[in-house]
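Have a look at the structure below, then the notes.
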Amino acid sequence: MTDDAPELRASDADRERVAEILRDALAEGRLDMTEFEERLEATYLARTYGDLAPITRDLPAAGPAPAVSLSKPPLETGSWGSRIVGGEGSSSWAVAVMSGFQRKGRWTVPRRFTGFAFWGGGEIDLREANFADREVEINCVAIMGGMNVVVPPGVEVVMRGIGVMGGFDHREDAGPPEPGAPRVVVTGFAFWGGVQVEHKVTKAERRRLKEERRQERLDRRSARHELREARHELHEQRREERDRRRHGDH
């Protein structure tokens, strides 16, 4: 298994090659049954070449390692690098006076965005947004009103707002910042009002994560089925070997 591109996704054929090496190692006595079962389960749960490589590192490989294409686009669609687009941004301000405003969906956050709410509220949703720069500033002014800033997990948030009979609230539950993710600095002033920042995934991302968990459960079931098949095959091989020896003795 190649170590040149550990983050590349492994295919079913790659996993099957590793499984075949493990079966050969079991038959040759290089692995006992417990080691074989543990490694086979890890094989069918592996996602990348980096996951597969350690499984057979101490075993002789049967045949050359699978060819891996290292030609990858410089920026993967949806990656943080592809979402930092430069430019001036879709809009640089929004106002709500006894009303409300929203900035959400696919829009470009400028280097500095200002939201003003007086007896009203505003929502600034960055989950599907692009960014004009790696660091953007969201300036929130809430007078007897409120503002909600929603950022995706992995984005670093810095709070620098001032509250007078009001406050700035950041729910820091999204884990460490992701490499390459933008930095969002939230500034401003709240008087008899509040500004809240929260990390949330989109509905589409929640569905993707749910499907990923479902697929992992299916993979585990498949790995257990493969283990049962391998045990049965090994028992059959041993039975046939005993029969041959018995007949040979006669």
Exercise. Parallel, tilted or perpendicular for Trp107 and Phe113, by the 30°/60° rule?
Worked result: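 The rings of Trp107 and Phe113 stand perpendicular, inter-plane angle above 60°.
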Is a side-chain donor or acceptor of [X] paired with a backbone partner of [Y] at a separation under 3.5 angstrom?
X      : Y      : answer
Arg127 : Val201 : yes
Asp133 : Val136 : no
Arg39  : Ile55  : yes
Arg134 : Gly180 : yes
Arg111 : Phe131 : no
Asp51  : Thr48  : yes

Exercise. Taking atom CD of Glu178 as the centre, does the number of heavy atoms from other residues, nucleotides or ligands within less than 6.0 Å exceed 12?
Worked result: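 More than 12 within 6.0 Å, yes.
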For this session: Taking only Lys NZ, Arg NE, NH1 and NH2, and the carboxylate oxygens of Asp or Glu, determine whether Arg17 and Glu20 approach each other closer than 4.0 Å.
Result: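 Between Glu20 and Arg17 there is no salt bridge, as every charged N stays at least 4.0 Å from the carboxylate O atoms.
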Exercise. Can you tell which of Asn130, Ile138, Val184 makes a side chain to side chain contact (heavy atoms under 4.5 Å, CB included) with Val109?
Worked result: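 Passing option: Ile138.
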Exercise. Is there a donor-acceptor contact under 3.5 Å linking the side chains of Asn148 and Glu198?
Worked result: yes
Exercise. Nearest heavy-atom pair of Trp80 and Pro153: which atoms, and what distance?
Worked result: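 So the minimum-distance heavy-atom pair works out to CZ2-O, 3.9 Å.
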